[in-house]
Amino acid sequence: MSKILAGLNPAQRAAVSHLNGPVMIVAGAGSGKTRVLTHRIALLVESGVRPWQVLALTFTNKAAKEMKERIALLVSPELARDLWMGTFHSVFARILRRHAADIGYTSSFTIYDSDDSLNAIKQVMNVLGISKDQFNANAVRSRISSAKNQLISPEEYERLARDLFSEQVARIYPEYNRALRLANAMDFDDLLLKTIELLDLPATPDNAGPLAYYQQKFKYILVDEYQDTNRAQYAIIKRLAGTQGNLTVVGDDAQSIYAFRGADIGNILDFERDYPGTQIFRLEQNYRSTKNILAAADELIKNNKDQIPKTLFTENVRGEPVKITQCLDERDEASAIVRAIEEQVRALKLDLKDCAVLYRTNAQSRAIEDGLRRQGIPYNIVGGTAFYKRKEIKDVLGYVRLLVNPNDSESLLRVINTPPRGIGATTMEHVAAYARDHRQSLMSALGAIDFVPGVQSRAIQRIHEFTRLLQKYTALRDKMSPSELVRSLVDETNLLQELKLENTIEALSRRENIQEFLSAITDYFHEKPDATLESFLEEVSLLSEVDQSDGTKNAVTLMTLHSAKGLEYPVVCIAGLEEGLFPSQPVGGTRDPNDIEEERRLLYVGITRAMRRCFVFYAIERLRFGETARALPSRFIEEIERSGTTEHVTSFGTKPHLRESASERTREISHLFAGSPVINGRTFARKRRETHTAHSFEDEPRASYSQIEEGTTLEHGARVFHETFGEGRVIAVAGFGDKAKATVEFPKFGRKNLMLKFANLKVL
DNA sequence: TGTGATAACATTTTT
DNA sequence: TGTTATCACA
């Protein structure tokens with residue numbers, strides 16, 4: 001017992017040792033939250049709770065793995081191994097496989113990633129005759145996804161639909177669900193929804209039902225990052241916690257950064273009300289950062305109205321000020337970042353792996369990568385195009401998925417003509433039509449290809465060859481090890497040879513990727529001899545970006561601020577603190593004040609990742625979308641400066657010639673903005689100097705724009721007429737010259753982004 | 001049916 | 001700017 005409680009501060013110890021009933025741990029950044037969770041679980045196990053009676057839900061698989069390792073050290077590896085620990089999605093996927101038959105699936109159901117979902121939605125739209133030009137499939141997908149996250153059924157969605165777009169989504173949503181069901185597939189959101197469906201199955205006389213079973217099984221439930229759970233996750237927890245109520249949640253409202261994908265901060269704010277008798281513990285001592293870093297973060301977050309009041313303090317040293325650097329453009333920013341990293345590595349005797357560069361959008365990474373490469377500094381990049389999302393990998397995975405689940409129509413469509421084998425789009429149209437008429441999956445329709453009308457005899461031959469190939473490998477599954485099977489499949493389908501013939505650099509790197517994938521499979525089955533292709537596929541589809549990063553290499557880490565949640569680094573550089581970028585300016589003009597608060601929390605997360613040094617950068621102009629756009633420093637800069645623990649410099653301060661060219665460029669460009677200049681919906685200040693004090697933006701961007709046609713002016717709120725969409729109201733205007741765009745709300749067609757050059761709008 | 005060229009799109013963040 | 005979707009043409 002002493003071993004587990006030793007070394008904890010009084011608040012941590014209290015939070016660890018109060019084992020029963022509902023518990024909420026409000027854990028500030030760097031307050032030893034993971035430590036409390038791991039020690040709490042260790043203590044449970046030590047006091048006699050069996051490991052498989054503990055369910056611990058984390059935000060990433062990596063977090064789960066690290067916690068398991070730490071618990072293994074506190075108790076024993078055997079005990080740690082049997083804990084039910086993982087992300088919501090992976091834990092419930094596992095449970096769903098067990099009970100798949102109860103909800104009309106087979107245990108080898110496929111998990112569709114967002115690309116698969118998007119394709120499935122496009123096909124549904126095709127069948128329903130909904131034009132992809134008028135209704136963006138991606139927008140449809142995100143609508144459906146957020147409906148699912150909020151537990152809104154297709155029927156309810158239809159009732160709530162008020163505008164034309166929602167009405168179309170209401171038609172697509174149920175059809176998309178049917179397509180998933182037919183393909184024996186679930187999307188990410190379904191993993192949560194189907195879990196609820198499963199738990200809500202009624203008990204029968206001879207079976208108490210899954211809910212009773214899992215309530216009984218999981219005696220203790222712990223949820224990490226509770227502030228980022230959505231309604232579906234909340235509903236699952238609520239059911240599982242049931243009457244036992246041994247539920248522990250850990251979270252920090254100040255670090256809620258996923259509202260955009262349905263996370264409901266209300267879950268943490270209302271916890272006490274939901275679970276009467278809740279014990280609340282607060283962890284307020286920060287062990288991670290210097291006083292100066294913490295002061296800057298605190299000063300920033302104070303500007304949010306919505307928050308649980310708390311006082312985070314540290315006994316760490318004061319440290320250096322948070323350094324804010326003004327840069328000329330993204331290239332200059334990259335060099336300034338590189339300089340800061342080199343300087344700190346030298347001064348503090350650190351490794352490159354102690355440094356991280358964080359940014360708002362993945363697109364920003366390119367310039368920073370270039371900068372690092374120029375200086376020959378190795379780096380690791382988290383996210384971007386993840387390995388398992390690359391075309392060539394998805395092709396190979398497609399075959400594997402098809403072997404495991406023949407009804408997976410997305411995989412079938414992907415591989416049936418990859419590499420080309422003469423089964424084209426027209427043929428597959430006929431097959432799909434037949435499948436729809438007979439309410440079958442595409443694969444069953446292929447089985448009946450001789451009866452499918454309209455298919456040419458040559459295509460029929462090719463399809464027979466294709467199905468024979470699949471049958472052969474299905475039969476081989478029992479005779480070969482999974483990795484041998486995949487290797488031989490890649491060999492027989494000529495996927496590698498095709499790339500060899502291409503003889504380009506990209507083809508070479510794709511071949512290397514496939515090779516790497518093959519060795520990854522071999523490693524996986526070597527490490528887990530009992531694993532199946534199903535479990536391999538599941539692991540691959542539920543990997544998060546952070547999970548895939550390689551932490552062993554001694555290199556600078558590059559990632560988005562979102563990915564950085566839960567991590568810490570001695571040196572942290574945050575890039576791109578500019579209005580329009582961070583806080584980001586959404587494409588449509590109107591901005592919910594809550595969005596700004598979420599952006600602010602995101603920066604709070606970023607700053608509090610830093611242990612010893614924190615650097616903040618912004619550029620006065622930046623190449624975005626192939627054109628140079630000027631930007632103002634982020635409002636957040638001024639907010640952290642109020643802490644008095646920052647210093648503000650220019651990256652070109654030591655280089656007079658650069659300073660000269662900078663002000664020249666500023667002059668050069670400034671005349672372009674004479675009048676009412678607008679970029680990204682914001683009026684630009686004409687002189688750099690003014691920008692530090694000129695921070696009084698209105699929340700609603702006031703935009704005005706001089707049309708190419710003389711005399712007409714488009715302003716926010718103006719009423720306009722469009723050939724196809726009819727009358728509408730201007731919500732926002734962005735860009736200038738040929739690139740100028742307007743967001744217009746049309747009563748019948750919803751919100752549209754129009755290029756003014758082509759839209760030919762008439763001002764009414 | 002397969003291909004190359006051109007147009008259109010995209011930049012918010014992700015399991 | 002860079003990548004993907006669509007269209008003409010072979």
Side-chain angles (χ1 to χ4, degrees), chain A residues 57-63 86-93 111-115 117-119 122 132-133 136-138 142 145-146 148-149 186-192 225 228-230 232-233 256-263 330 358-367 382-386 389 391 417 419-429 456 458-459 462 506 538 541-548 559-565 576 580-588 591 595 598-599 601-603 605-606 622-629 680 734 739 741 753 755 758:
Chain A
L57 298 165
T58 58
F59 202 70
T60 62
N61 293 299
K62 194 181 174 188
T87 63
F88 273 89
H89 290 83
S90 57
V91 166
F92 295 121
I111 299 169
Y112 274 7
D113 70 14
S114 32
D115 291 337
S117 305
L118 183 64
N119 286 329
K122 282 182 183 165
K132 274 174 266 169
D133 299 331
N136 178 286
N138 238 321
S142 76
S145 173
S146 62
K148 285 187 172 185
N149 279 321
M186 298 191 194
D187 64 18
F188 286 138
D189 308 312
D190 283 344
L191 292 175
L192 306 176
E225 310 281 10
D228 283 322
T229 52
N230 62 32
Q233 291 165 326
S256 150
I257 53 174
Y258 282 101
F260 74 90
R261 72 165 200 221
E330 76 284 344
L358 311 180
Y359 36 79
R360 182 66 182 78
T361 67
N362 278 311
Q364 288 168 259
S365 75
R366 173 160 281 129
V382 177
T385 318
K389 280 201 157 176
K391 277 196 276 309
N417 211 24
R421 47 169 77 86
I423 308 170
T426 330
T427 304
M428 288 315 287
E429 280 295 313
Q456 297 194 345
R458 201 178 53 164
R462 299 297 173 81
E506 298 94 81
E538 179 170 310
S541 12
L542 296 177
L543 277 182
S544 72
E545 311 248 293
V546 179
D547 298 330
Q548 293 179 54
M559 66 186 134
T560 63
L561 286 133
H562 282 88
S563 299
K565 187 165 85 157
L581 181 60
F582 194 10
S584 82
Q585 176 77 32
V587 214
R591 146 114 77 194
D595 293 346
E598 178 146 316
E599 297 279 316
R601 290 193 294 268
L602 190 56
L603 180 57
V605 167
R622 178 178 296 274
L623 205 57
R624 263 183 111 179
F625 251 114
E627 65 180 308
T628 305
N680 292 330
K739 299 278 172 79
K741 288 174 201 134
N753 282 314
M755 291 278 283
F758 304 113

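The chains referred to below are lettered A, B, ... by the order of the sequence lines, with proteins before strands, and numbering in each begins at 1. The basis for the numbers below is simple: all heavy atoms, side chains too, and nothing from hydrogens, waters or symmetry mates.
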Item checked: Nearest-nucleotide comparison on DNA chain B, the residue closer to the 5′ end among A:A459 and A:E598 ->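 The answer here is A:A459.
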Check: On DNA chain B, nearest-nucleotide positions of A:R421 versus A:S541: which is more 5'?
Finding: A:R421
Checklist line | Rounded distance (Å) that lies between atom P of B:dT15 and atom CZ of A:R261 | finding: 6 Å
Note to self: Output the rounded distance in Å from CG (A:L118) to P (B:dT14).
What the structure shows: 17 Å
Next item on the list: Run the ring-centre check on A:F260 versus A:H562 and record whether the distance is less than 6.0 Å.
Entry: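 They qualify: ring centres under 6.0 Å apart.
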Margin query: Applying the 5.5 Å / 30° rule, does A:F88 stack onto the base of B:dT15?
Written below: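 Here the ring of A:F88 and the base of B:dT15 are not stacked, as the 5.5 Å and 30° limits are not both satisfied.
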For a quick test of reading the model: is some side-chain N or O of [X] closer than 4.0 Å to OP1 or OP2 of [N]?
X: A:T427; N: B:dT1; result: yes
X: A:N136; N: B:dA10; result: yes
X: A:N362; N: B:dT13; result: yes

Note to self: Work out how far the P atom of C:dT4 is from that of B:dT13, and round it to whole angstrom.
What the structure shows: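 To the nearest whole Å, 15 Å.
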Which one, [options], comes nearest to the side chain of [X]?
X: A:K391; options: B:dT14, C:dT3, C:dT4; value: C:dT4
X: A:H562; options: B:dT15, B:dT13, B:dT1; value: B:dT13
X: A:T560; options: C:dT3, B:dT15, B:dT13; value: B:dT13
X: A:N417; options: B:dT15, B:dG2, B:dT13; value: B:dG2
X: A:A363; options: C:dG2, B:dT11, B:dT13; value: B:dT11

Check: If you measure from the Lys or Arg side-chain nitrogens to the Asp or Glu carboxylate oxygens, is any gap between A:D228 and A:R261 under 4.0 Å?
Finding: no
